[in-house]
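Below is one structure, written out as structure tokens, with a few remarks after it.
What you are looking at is a predicted structure, and each value in this text was computed from that prediction instead of being measured.
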Amino acid sequence: MGKAMSMVARRANRFNAENRAHRVLEQEKPMPAPKYESNLRDMERTLELDPKFVDKLNTKDAGLDTRLKDVYVTSQDQFIQRVLERQAATAAENIKRPLPLKRNAPDDFEYGYLEPARVTHGRCTLRQALQFINDHQLDPETWPSKKIADEYKLKEPHVENILKYFKTFSVYIPDQKYKDTLLTQAKQKMLREKPSSDENNSSKS
């Protein structure tokens, strides 16, 4: 229902639209938009200062018209010329520049970025962070947070937070004998639980 009503309204709005537009254009003056009270007050103050202000707006000023005819702009495209000269100079330098002898791709950095040669106080590189995190995990008594802070010139609370929330991965390879023992214990447990389950089934029957 809503779609049908919208189609009817659209067709009604478009009915005889060209003739209605011509009638509006043929009018002597279109209806002006309503003015705000502040605009009306400004207009009243302007008319008090200059009662002929409206007549001046509606009449053509010959002096202004003459001065507008005398104004003209010339362009010599100096900016474009400078750009072309710069491009030509760059192309000439590229022709004289020898091609690189080594065309292999550069090697990737170990941690994915170029490590700075100098580290400011209160900061550390990723390599340093991994180093003192690993040292603390292996031997926390030898490498407490205070010693790490003094060694790497960091704030002790920051070091404590790093050691609390970040750990390095460690590879653990279990001993084969220990693995066999665990399997044997699991099998023994299964064997111990099996008779009890058989007894339960017999009791239910």
*Examine distances only and state if a side-chain atom of Glu115 and a backbone atom of Thr125 form a donor-acceptor pair shorter than 3.5 Å.*
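No, Glu115 side chain to Thr125 backbone: no donor-acceptor pair under 3.5 Å.
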
How many angstroms lie between atom [atom1] of [X] and atom [atom2] of [Y], to the nearest 0.5 angstrom?
X: Gln131; Y: Asp135; atom1: CD; atom2: CG; value: 4.5 Å
X: Leu68; Y: Asp61; atom1: CG; atom2: CG; value: 9.5 Å
X: His22; Y: Glu18; atom1: NE2; atom2: CD; value: 4.5 Å
X: His158; Y: Glu160; atom1: NE2; atom2: CD; value: 10.5 Å
X: Lys69; Y: Leu64; atom1: NZ; atom2: CG; value: 12.5 Å
X: Asp50; Y: Thr46; atom1: CG; atom2: OG1; value: 9.0 Å

*asked:* In this structure, would Tyr152 and Phe166 fall into the same cluster of hydrophobic residues linked by side-chain contacts under 4.5 Å?
replied: yes

With a cut-off of 6.0 Å (strictly less than), are more than 12 heavy atoms of other residues, nucleotides or ligands near [atom1] of [X]?
X: Asp108; atom1: CG; result: no
X: Tyr165; atom1: OH; result: no
X: Asn58; atom1: CG; result: yes
X: Phe53; atom1: CZ; result: no

Would you check if [X] and [Y] make a side-chain contact, meaning some heavy-atom pair closer than 4.5 Å?
X: Thr142; Y: Lys147; answer: yes
X: Thr90; Y: Gln87; answer: no
X: Ile133; Y: Gln137; answer: yes
X: Val71; Y: Arg67; answer: no
X: Leu130; Y: Leu126; answer: yes
X: Ile162; Y: Ile148; answer: no

*Considering all heavy atoms, the nearest Ala149-Lys155 contact*: CB-C, 4.3 Å

*If you take all heavy atoms of His136 and Trp143, which pair is closest and at what distance?*
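Smallest interatomic distance, heavy atoms only, reads ND1-O, 2.8 Å.
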
